[in-house]
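Start at 1 and go down the list; that is how both ligands and their atoms are numbered. The structure presented is a predicted model; accordingly, all values stated were derived computationally and were not measured.
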Amino acid sequence: MSLLIVGSVAFDAIETPFGKTDKIIGGAASYIALAASNFTKRAKLVAVVGEDFPQTFINHLQSCSVNTEGLQIKKGEKSFFWSGKYHTDMNTRDTLITELNVLENFDPIIPESYQDCEYLMLGNLAPKVQQTVIERLTKRPKLIVMDTMNFWMEIAMDDLRKTISMVDVLTINDEEARQLSGEYSLVKAAAKIQAMGPKYLIIKKGENGALLFHGKEVFFAPALPLEEVFDPTGAGDTFAGGFIGYLAKTDDVSFDNMKNAIIYGSAMASFCVEKFGTERLVDLKEEELNARINSFRNLVRFNLASV
Ligand code: AMP
């Protein structure tokens, strides 16, 4: 099934306890598209970059069968730039710089050939832009998944609530779920957020895994314990790309299949953190992904008879 991906395509500069990068390729939609391309060859990108953005990465996306017809390149303008520094525990980070540049006036134009999309992934972007994308689709997709972050809660809460009310699945991290709901308990937070609109809520907890809420049902997927965690940037987006990519591939949006999708999303994210930026995702092999899915199986399998 075809998948429309919207989000930032950007430059990042990252500092972790293990090293520091100058400007490297980043952006929510870059990670989402790379992850999703492992599951569907029908991913279509809507994003904007400046003239400074390397054509080599766009070529790479195309070589992964990501359609870039909807990627706007703005002459004489600069790409979105984000810089972050991780704390020693790598679970938390400070945003040092957010330069919106081309994102400031981003008008998400949907090419006619994208109108058939059945799955929509709204990666991190201004909520108003995410909303515009939904409104510009002539047919509502079968599933709309949305990611967001605290930045938008601080400067665009009204728009954010409106967009949240229009989607099926919201993915946010635990800190953001607490900020959005005003509840410390994630169970109470999940109930409040579902009441805002999304029937499904995924709360990402970094190295502590992810929770999927749907009504009174909850599913938990651990994160794989890894020997090397180098750079968590993009892990959430990679997770989202794996999650929706798997759903688009299997074309089954039941709660049970979403559990499988969460395991695939977690497996994809486990690769992302092993190297800086998108480096580990660009040449990922199918065998490596399958091996990791098996590691997840072994991690949670036990033989206790039911009591
Ligand atoms: P994650 O680590 O999954 O939260 O995602 C990190 C990515 O999000 C980086 O590659 C950034 O370029 C991108 N990003 C950070 N802030 C924003 C923002 N305000 N809007 C859009 N993308 C952002």
Side-chain angles (χ1 to χ4, degrees), residues 5-16 21-36 45-50 53 57 78-87 90-106 108 121-130 133 145-157 159-160 163 170-177 179 202-207 210 223 229-244 265-266 268-281:
I5 297 166
V6 187
S8 51
V9 172
F11 287 123
D12 289 347
I14 303 158
E15 190 173 339
T16 82
T21 65
D22 275 334
K23 281 188 174 181
I24 57 170
I25 301 294
S30 306
Y31 288 101
I32 294 167
L34 288 173
L45 178 66
V46 165
V48 63
V49 291
F53 197 77
F57 185 71
K78 283 165 78 180
S79 302
F80 175 72
F81 174 63
W82 176 83
S83 168
K85 182 177 176 176
Y86 286 85
H87 301 164
M90 300 270 262
N91 278 328
T92 47
R93 71 183 177 204
D94 293 324
T95 289
L96 304 179
I97 303 170
T98 299
E99 285 175 10
L100 290 176
N101 298 327
V102 284
L103 281 189
E104 188 121 35
N105 297 307
F106 178 35
M121 178 68 228
L122 297 169
N124 192 7
L125 266 187
K128 190 87 192 154
V129 176
Q130 294 174 315
V133 171
V145 180
M146 168 186 178
D147 188 33
T148 190
M149 73 185 299
N150 49 2
F151 181 79
W152 303 113
M153 292 176 198
E154 279 143 31
I155 66 165
M157 191 53 132
D159 287 340
L160 183 64
T163 313
L170 178 69
T171 73
I172 45 176
N173 70 30
D174 42 1
E175 209 181 302
E176 291 156 353
Q179 188 172 343
I202 297 174
I203 299 183
K204 299 167 285 182
K205 289 156 63 75
E207 66 173 349
V229 176
F230 206 71
D231 170 22
T233 308
D237 308 311
T238 306
F239 170 92
F243 174 78
I244 197 156
S266 305
M268 290 305 307
S270 76
F271 289 112
C272 175
V273 302
E274 286 181 336
K275 286 195 179 169
F276 263 124
T278 55
E279 214 181 314
R280 184 68 177 90
L281 299 177

Inset, instruction - To the nearest 0.5 angstrom, please state how far the CD1 atom of I32 sits from the OG1 atom of T238. - result: 8.5 Å
Would you call [X] a ligand 1 contact, heavy-atom distance under 4.0 Å?
X	result
F11	no
F239	no
Y31	yes

Legend entry - Within reach of ligand 1, part of R93 (heavy-atom separation under 4.0 Å):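 Within the 4.0 Å criterion, R93 contacts ligand 1 through side-chain atoms alone.
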Legend entry - Residue part near ligand 1, for D237, under 4.0 Å between non-hydrogen atoms: both
What's the shortest distance from [atom] to any protein heavy atom, and which residue and atom give it?
atom	result
atom 22 (N) of ligand 1	S8 OG, 2.8 Å
atom 20 (N) of ligand 1	W152 CZ2, 3.6 Å
atom 21 (C) of ligand 1	N124 O, 3.2 Å
atom 10 (O) of ligand 1	D12 OD2, 2.4 Å

Legend entry - Check against side-chain hydrogen bond (donor to acceptor under 3.5 Å, both in side chains), W152 and D159: CA-CA 9 Å; W152 303 113; D159 287 340; over 6 Å; no
Could you list which atoms of ligand 1 come closer than 4.0 Å to a heavy atom of [X]?
X	answer
T233	2 (O), 6 (C)
M149	16 (N), 17 (C), 18 (C), 19 (N)
G236	3 (O)

Legend entry - Check: Y31 main-chain N/O paired with T278 side-chain donor or acceptor under 3.5 Å: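 No; judged by distance alone, with no hydrogens or angles, the pair does not exist.
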Inset, instruction - Measure from the side-chain N and O atoms of T16 to the backbone N and O of F230, and report whether any donor-acceptor pair falls under 3.5 Å. - result: yes
Inset, instruction - Consider every N or O of G26 and every N or O of ligand 1, then say whether any pair is closer than 3.5 Å. - result: no
Inset, instruction - State whether the shortest distance between N or O atoms of G27 and N or O atoms of ligand 1 falls below 3.5 angstrom. - result: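 Right, the criterion is met.
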In the structure I gave you, are the side-chain heavy atoms of [X] and [Y] within less than 4.5 Å of one another anywhere?
X	Y	value
L160	M146	yes
M90	D231	no
F80	V48	no

Legend entry - CG/N105: more than 12 non-hydrogen atoms of other groups inside 6.0 Å: no
Inset, instruction - Would you indicate which of F81, F106, F151, W82 comes nearest to atom 15 (C) of ligand 1 when only heavy atoms are counted? - result: W82
Legend entry - Shortest non-hydrogen contact from I25 toward S30: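 Shortest heavy-atom separation between I25 and S30 comes out as CG2-OG, 4.3 Å.
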Legend entry - Worked check of side-chain contact (heavy atoms from CB on, under 4.5 Å) between T21 and E279: CA-CA 12 Å; T21 65; E279 214 181 314; over 6 Å; no
